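Here the structure comes first, spelled out in structure tokens, and everything after it is commentary.
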Amino acid sequence: MIKSLLVWHRRFALLCVIPFVVWALSGLLHPAMSHFAKAERLNTPFIKVPNHISAVAVPLKSVLVAHNITAFSHARVIEYKAAYYYQVAVANAPLPHIYYFSVETGLINSALNDERYALYLAQSWAEQAALGTELINEFSPEYAEINRILPVHRVTLQNKNRLYVDTLSSRIAAHNTPLRESLSYWFKQLHTFEFIGERHSLWRITPMLAISLLLFGTGVFGLVSYALLWRRLKSKRVNTPVLHRSLGVVLSVCMLGFASSSIHILVDKFFPETFRALSPGNAIFTDRLNHDPLKDVLDSNGDNFQLVAVGEQVVTQVTKQAFVQKRPIVEFSYWQNSAVNVTSVDVALAQLQRQLNVGGTVLNWQKIDKFGQTYGFINKRLPVIQMRFVNAPDVLYSVEPHTGFVANIETNWQSARSWHFGYLHKYHFLNPLGREVRDVIVTGIIIGLVLTALFGVRLYIGRRRRQKSAIVRRGVLSSGGYVDSH
């Protein structure tokens, strides 16, 4: 039995050793991006509408009617060069059309468009000039799908860093150095095989899944075989066989963790998260707007607003920045000339019903203001309302209330996948030690696994050479080529 396990361990290892080494070494690009190619953190001030602006503003409905806008998906106030404008988005395939109306006159500023607003934000945040901007409406190796937010404007700064700006929320979707984008490109090509096909392509997923299964089999057969033979094979000498067996047994659990979490992620790719492509659409109708949102901001002592649709009514979602343990968060209240009995849960429910036809009695809910265990950084959007329904308690929905986007849907399977990948592939359980310590440990494990694989290849090559030499010697003997010295 042990002999058979060793044979299959060797066969599986030989089939996948090259992609394994490529995967392992390219995996080191991830901590390299985090530590050696990280862009500086930029401050993005919250946009607050001064009281005197709210007092003299042209009502939003008057502006919309004057410009024949009957339905839209987004409205709020932005600041541009010390002046204030209504930013109104009208959903239009393939991209929304965004208007900027002066709050004080109600007229369109011909000198202001979405591109110029993105440039203004980037230069204000980075405190340096910009070299150019480009509209990004699809993901790429430089701006990967993990960033979630589209469309964005890619602004190239004077220091050659690239800032990806979401103008509808005045936030940074990504901030990359040239080195980070280069490393990200090669990580995508070598670690996720993006050169074969896009994220959900069967041409990409199938070979990666096959290799991951072979790696898992290699780890299992090697661990069982050498664990059973350990007493017989252990040696105080330091040579290639001993190093291969010792490192293999010690690191085999890590190998199984990497392989199994990879399998979990790849199986999940057969079921695309189609909800991420959904958008709120033109759900807000001008004729249903019967109040002045800026007056609501003024009366509620808020900072800004978004308009949201809840059922048949249009409500002002007043936003106000607050601080919890010195960390900024956004608080919401809901108004229609006065405070109304509407909550962020109602807003989230309306979006789920409209976009996914999902509804029911809410089992529990919470507002998430920071990334954590139930809502990871990978989702990007904050704040969100998380909720479960009585009729589907194992499904957790996360909705961004100020944009209406469904940020995440997590079932027990996705929850297990996130835990599996986070703890056994990215070693998040080591986070209390600090990211630097965690990444040093992971790097050491990866280097150890690569050395184990290379030692195994060396053993195989040496064994094959000995076998060939033995065959040659037997051939010489059988042909009478051996001469007795006596």
Side-chain angles (χ1 to χ4, degrees), residues 71-76 89 91 96 148-149 168-169 273-291 293 296-297 300 302 304-320 322 329-376 379-415:
F72 54 98
S73 61
H74 161 95
R76 66 172 182 142
R148 306 300 184 198
I149 299 170
L168 291 183
S169 295
E273 296 174 323
T274 54
F275 69 87
R276 296 196 185 277
L278 300 175
S279 65
N282 290 329
I284 307 172
F285 296 95
T286 303
D287 61 0
R288 295 178 184 171
L289 177 58
N290 299 314
H291 58 281
D296 290 338
V297 173
S300 63
N304 209 322
F305 75 89
Q306 299 273 0
L307 284 181
V308 296
V310 181
E312 297 296 316
Q313 59 181 335
V314 176
V315 181
T316 302
Q317 182 190 69
V318 177
T319 56
K320 185 174 181 62
I329 65 168
V330 179
E331 295 180 339
F332 302 110
S333 60
Y334 296 87
W335 290 66
Q336 283 178 325
N337 293 322
S338 60
V340 294
N341 188 26
V342 172
T343 67
S344 294
V345 176
D346 299 316
V347 174
L349 281 169
Q351 292 298 340
L352 289 174
Q353 180 65 48
R354 185 180 300 117
Q355 297 180 50
L356 297 171
N357 195 28
V358 170
T361 303
V362 176
L363 178 64
N364 53 56
W365 70 275
Q366 64 176 330
K367 179 171 176 276
I368 302 295
D369 291 303
K370 64 177 182 178
F371 299 112
Q373 189 170 3
T374 64
Y375 186 74
N379 295 300
K380 302 299 181 181
R381 298 179 180 275
L382 278 178
V384 296
I385 301 298
Q386 284 191 334
M387 63 176 65
R388 298 180 189 271
F389 294 102
V390 171
N391 59 352
D394 60 330
V395 183
L396 180 64
Y397 296 93
S398 299
V399 180
E400 191 175 39
H402 63 287
T403 65
F405 279 90
V406 180
N408 193 35
I409 300 175
E410 187 167 277
T411 63
N412 289 338
W413 166 268
Q414 275 88 27
S415 180

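As the structure is a computational prediction, the values presented were derived from the model and not from experiment.
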Q. Looking at Ala283 and Ala309, what are the two nearest heavy atoms and their distance?
A. O-CB, 3.6 Å
Q | Audit row: Asn391, Thr361, side-chain contact (heavy atoms from CB on, under 4.5 Å) steps and yes/no | A | CA-CA 7 Å; Asn391 59 352; Thr361 303; over 6 Å; no
Q. Do you know the tightest heavy-atom contact between Asn379 and Ala407?
A. OD1-O, 3.8 Å
**Q.** Rounded distance [0.5 Å steps], CZ in Arg381 versus CD1 in Ile149
**A.** 5.0 Å
Q | Stepwise side-chain contact (heavy atoms from CB on, under 4.5 Å) check, Gln306 with His74 | A | CA-CA 7 Å; Gln306 299 273 0; His74 161 95; 3.4 Å; yes
Q: Ignoring hydrogens and angles, tell me if any N or O in the side chain of Gln414 forms a donor-acceptor pair with the backbone of Thr411 under 3.5 Å.
A: yes
Q) Taking side chain as C-beta onward, heavy atoms only, is Pro293 less than 4.5 Å from Trp335? A) no
Q) Please, which pairs that meet ring-ring contact (aromatic ring centres under 6.0 Å, His included) have at least one residue in residues 383-402, sequence neighbours excluded? A) Phe389-Tyr397
Q | Nearest non-hydrogen partners of Phe371 and Gly376, listed with the distance | A | CD2-O, 3.2 Å
Q) What ring-ring contact (aromatic ring centres under 6.0 Å, His included) pairs are there with at least one residue in residues 350-370, not counting sequence neighbours? A) none
**Q.** 4.5 Å side-chain heavy-atom contact, Leu352 and Val399
**A.** yes
Q) Strictly by modelled atom types, are Thr343 and Asp346 linked by a side-chain donor-acceptor pair under 3.5 Å? A) yes
Q.
When you measure from the side chain of Arg388 to the backbone of Asn364, do you find a donor-acceptor pair of N or O atoms at a distance under 3.5 Å?
A. no
Q: May I ask you to test the Ser344-Lys367 pair for a side-chain heavy-atom distance under 4.5 Å?
A: no
Q: Kindly compute the distance separating CG (Asp394) from CD (Glu410), expressed to the nearest 0.5 Å.
A: 11.0 Å
Q. Run the side-chain contact (heavy atoms from CB on, under 4.5 Å) check on Gln313 and Val342 step by step: do they pass?
A. CA-CA 11 Å; Gln313 59 181 335; Val342 172; 4.2 Å; yes
**Q.** From CA spacing to verdict: side-chain contact (heavy atoms from CB on, under 4.5 Å), Leu278, Leu356
**A.** CA-CA 9 Å; Leu278 300 175; Leu356 297 171; 3.3 Å; yes
Q: Measure across Thr374 and Gln366 and return the closest heavy-atom pair with its distance rounded to 0.1 Å.
A: OG1-NE2, 4.2 Å
Q: Supply the atom-to-atom distance Ile385 CD1 to Gln351 CD, rounded to the nearest 0.5 angstrom.
A: 12.5 Å
Q.
With rounding to the nearest 0.5 angstrom, report the OH to NZ distance, Tyr375 to Lys380.
A. 10.5 Å
Q: Measure the shortest side-chain to side-chain distance between Phe305 and Thr319 over non-hydrogen atoms and say whether it is less than 4.5 angstrom.
A: no
**Q.** Minimum heavy-atom distance between Asp296 and Ser338, given as atom pair plus value
**A.** OD1-N, 4.3 Å
Q: Can you see which heavy atom on Val345 is nearest to which on Val362, and at what distance?
A: CG1-CG2, 4.4 Å
Q.
Distance check, rounded to the nearest 0.5 Å: Leu382 atom CG versus Lys370 atom NZ?
A. 11.0 Å
(Q) Using side-chain heavy atoms (C-beta onward) and a distance below 4.5 Å, is Val310 in contact with Tyr334? (A) no
Q: Any chance you could measure Leu307, atom CG, to Arg76, atom CZ, to the nearest 0.5 Å?
A: 12.5 Å
Q: Please examine the side chains of Asn408 and Arg276, heavy atoms only from C-beta on, and report whether any two atoms are closer than 4.5 Å.
A: yes
Q: Please examine the side chains of Phe405 and Arg148, heavy atoms only from C-beta on, and report whether any two atoms are closer than 4.5 Å.
A: no
Q. Does Ala322 offer a backbone N or O that forms a donor-acceptor pair with the side chain of Glu331 under 3.5 Å?
A. no
